[in-house]
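So the structure is just underneath, and the comments pick up after that.
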Amino acid sequence: MKTTRAAVLAALVMAAACPGSAMATPSDATAGLFAPAQAPPTAKAVTAALSKVGASYASGAAGPDAFDCSGLTMWALARADIAASHSSYAQYAMGSAVSRSDIRRGDLVFFDSFGAGASHVGIATSPTTAVSATNHGVMTHPIFDTYWGGHYVGARRLG
């Protein structure tokens, strides 16, 4: 039987009105009903990557002052205790595939903007935006605008 918020509130009102009733404590059916959603394991990685917006781009760099794309994601994921290789192609093999319509904050998003296949990687900051190290430095950008959307390869979810 599905417990609704209205039913829980009614039970709590009844418990308050009848202190000796069996409803004085939450039942198993209501336990966790109002629990906050757990943050994904990549939440710290998103925060870390966003803290580097404005940092310089350098091929092969992995921080803390300059990054290439996979160096940024590797560095940011390490802040969330997630090991990743310094290769966008290797990172594309991590986790599980995510459909374009199901991208969430913390998913890795891949593009073919620097060669065939998953040659560029960023971290989704929302279903439609990402942070990545581009030739212009670390920046946030749309995932599906004319440029990035035309180079979109896929997304992967870790954890």
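- Cluster membership for Val153 and Met94, using ILVMFWY side-chain heavy atoms within less than 4.5 angstrom, is shared.
- Results of the ring-ring contact (aromatic ring centres under 6.0 Å, His included) test with His120 over Tyr92, Tyr152, Trp148 single out Trp148 as the only residue that passes.
- A donor-acceptor pair under 3.5 Å is absent between the side-chain atoms of Ser132 and the main chain of Val121, judged by distance alone.
- Arg157 is linked by a side-chain contact (heavy atoms from CB on, under 4.5 Å) to Ser96, Val98, Asp102, Arg104, Asp107, counting only residues two or more places apart in sequence or in another chain.
- Closest approach of Ala130 to Thr125, counting heavy atoms only: N-OG1, 3.7 Å.
- Taking OG of Ser113 as the reference point, atom OH of Tyr147 lies at 4.5 Å (rounded to 0.5 Å).
- Side-chain heavy atoms closer than 4.5 Å link hydrophobic residues (I, L, V, M, F, W, Y) into clusters, and following such links, possibly through other members, connects Ile82 to Val131.
- The shortest heavy-atom contact between Ala80 and Pro41 is CB-O, 3.4 Å.
- Under a 4.5 Å side-chain heavy-atom criterion applied to ILVMFWY residues, the cluster that includes Met74 comprises that residue alone.
- Closest approach of Phe110 and Ala118 over heavy atoms only: CD2-CB, 3.8 Å.
- Among Leu158, Leu108, Thr42, Leu72, the single residue meeting the side-chain contact (heavy atoms from CB on, under 4.5 Å) criterion with Ile123 is Leu108.
- Here the CG-CG distance, from Asp68 to Asn135, works out to 10.5 Å after rounding to the nearest 0.5 Å.
- With hydrogens and angles disregarded, a donor-acceptor distance shorter than 3.5 Å links the side chain of Thr73 to the backbone of Ser70.
- Ala90 and Ser87 make their closest contact through N-OG, 3.1 Å (heavy atoms, listed as atom of the first residue, atom of the second, distance).
- Applying the ring pair (Phe, Tyr, Trp, His ring centres under 6.0 Å) test to His86 and every residue at least two apart in sequence or in another chain returns nothing.
- For Tyr89, the ring pair (Phe, Tyr, Trp, His ring centres under 6.0 Å) criterion is met by no residue, not counting sequence neighbours.
- Under the 3.5 Å distance criterion, with hydrogens and angles disregarded, a donor-acceptor pair is assigned to the side chains of Thr129 and Ser126.
- Side-chain contact of Ser85 with Gln91: a donor-acceptor pair under 3.5 Å is absent, judged by distance alone.
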List the atom pairs, with distances to 0.1 Å, where a side-chain N or O of residues 44-62 and a protein N or O form a donor-acceptor pair under 3.5 Å, not counting sequence neighbours.
unit_1: Thr47; atom_1: OG1; unit_2: Ala43; atom_2: O; d: 3.3
unit_1: Ser51; atom_1: OG; unit_2: Ala48; atom_2: O; d: 2.6
unit_1: Lys52; atom_1: NZ; unit_2: Pro64; atom_2: O; d: 2.9

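- To the nearest 0.5 angstrom, His151 atom NE2 is 9.5 Å from Asp145 atom CG.
- Pairs passing the ring-ring contact (aromatic ring centres under 6.0 Å, His included) check and including a residue from residues 60-79, sequence neighbours excluded, read Phe67-Trp75.
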